[in-house]
Amino acid sequence: QVQLVESGGGLVQPGGSLRLSCAASVGIFSLDAMGWYRQAPGKQRELVAIIISSTTYADSVKGRFTISRDNAKNTLYLQMNSLKPEDTAVYYCYARYRANGMDYWGKGTLVTVSS
């Protein structure tokens, strides 16, 4: 089992910033895809950003969010700037394990953007 543990969620005012982290239990060289999804109340889970061979962002976060990874720390990040109330959601780390092609999910971290 690949373990993914998110951190960094919390309450922030509109226009503020948060940085989410996802620590993986395996070397991320062994993961051929890593990304962030989110799910807001009453909505389906949606892709926020993902790294496969290149980086892809949802249109709603382009220019505001940046996905990155640190191979030495086996950690994925999501830097979120200019946050909006519409960004309120549970954010989930995602990874695909190269060895078996299976999908793995973290338990999620809640981001609440509110004044």
Side-chain angles (χ1 to χ4, degrees):
Q1 177 82 320
V2 175
Q3 305 277 48
L4 303 172
V5 181
E6 304 99 330
S7 62
L11 175 64
V12 64
Q13 294 183 341
S17 298
L18 285 174
R19 186 176 182 86
L20 305 183
S21 299
C22 172
S25 64
V26 298
I28 61 175
F29 68 91
S30 67
L31 304 172
D32 63 8
M34 293 193 76
W36 293 94
Y37 289 71
R38 67 186 181 187
Q39 187 167 25
K43 300 289 186 67
Q44 294 184 329
R45 188 173 298 186
E46 65 175 351
L47 176 68
V48 176
I50 193 163
I51 303 171
I52 305 177
S53 58
S54 60
T55 302
T56 299
Y57 294 93
D59 288 342
S60 60
V61 307
K62 286 180 180 177
R64 300 188 298 121
F65 290 11
T66 303
I67 188 171
S68 62
R69 60 188 178 191
D70 186 330
N71 292 347
K73 296 181 179 179
N74 295 333
T75 301
L76 181 75
Y77 301 98
L78 185 69
Q79 178 66 47
M80 305 185 294
N81 299 327
S82 301
L83 283 161
K84 304 174 181 179
E86 307 93 89
D87 296 317
T88 296
V90 177
Y91 284 71
Y92 298 90
C93 183
Y94 162 82
R96 185 171 65 203
Y97 192 42
R98 186 184 305 275
N100 60 16
M102 294 185 64
D103 296 335
Y104 293 91
W105 296 90
K107 293 181 179 180
T109 186
L110 176 63
V111 172
T112 303
V113 184
S114 177
S115 59

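The figures here come from the full heavy-atom set of this structure, side chains too, leaving out hydrogens, waters and symmetry mates.
- In this structure, Phe65 and Tyr57 approach most closely via the heavy-atom pair O-CE2, 3.3 Å.
- Hydrophobic clustering, with ILVMFWY side chains joined whenever heavy atoms are under 4.5 angstrom apart, keeps Leu83 apart from Leu47.
- Summarising the geometry of Leu31 relative to Ala95, their closest heavy-atom pair is CD1-CB, 3.9 Å, with the distance given to 0.1 Å.
- When all heavy atoms of Leu18 and Gly8 are compared, the pair lying nearest together is CD2-O, 3.8 Å.
- Between Asn74 and Ile28 the shortest heavy-atom distance is OD1-N, 3.3 Å.
- Proximity of Trp36 to Met80: side-chain heavy atoms (C-beta onward) are nowhere separated by under 4.5 Å.
- Both Leu20 and Val2 are part of a single hydrophobic cluster, where members link through side-chain heavy atoms under 4.5 Å apart.
- With sequence neighbours excluded, the residues satisfying side-chain contact (heavy atoms from CB on, under 4.5 Å) with Gln1 are Gln3, Tyr104.
- The same ILVMFWY cluster, assembled from side-chain heavy atoms under 4.5 Å apart, contains both Tyr91 and Val61.
- There is a path of hydrophobic side-chain contacts, each under 4.5 Å, that joins Leu110 to Tyr92.
- The minimum heavy-atom distance between Val90 and Gly108, with the atom names listed, is CG1-CA, 3.8 Å.
- With values rounded to the nearest 0.5 angstrom, Leu76 atom CG is found 7.0 Å from Ser68 atom OG.
- Heavy-atom minimum distance, Ile52 versus Asp32: CG2-O, 3.7 Å.
- A continuous path of hydrophobic side-chain contacts links Met34 to Ile67 [ILVMFWY only; heavy atoms under 4.5 Å].
- Side-chain atoms of Gln39 never come within 3.5 Å of backbone atoms of Ala89 as a donor-acceptor pair (strictly under, hydrogens ignored).
- Within the structure, side-chain hydrogen bond (donor to acceptor under 3.5 Å, both in side chains) contacts touching residues 76-89 (residues at least two apart or in different chains) are Ser17-Asn81, Arg19-Gln79, Arg38-Asp87, Arg64-Asp87, Gln79-Asn81.
- Atoms CE and CZ, from Met102 and Arg96 in turn, are 13.0 Å apart once rounded to the nearest 0.5 Å.
- You'll find the side chain of Ser114 reaches within 4.5 Å of the side chain of Leu11, heavy atoms only.
- Residues Tyr94 and Leu4 have side chains not in contact (no heavy-atom distance under 4.5 Å, counting atoms from C-beta outward).
- Leu78 CG to Thr66 OG1: the interatomic distance, rounded to the nearest 0.5 Å, is 8.0 Å.
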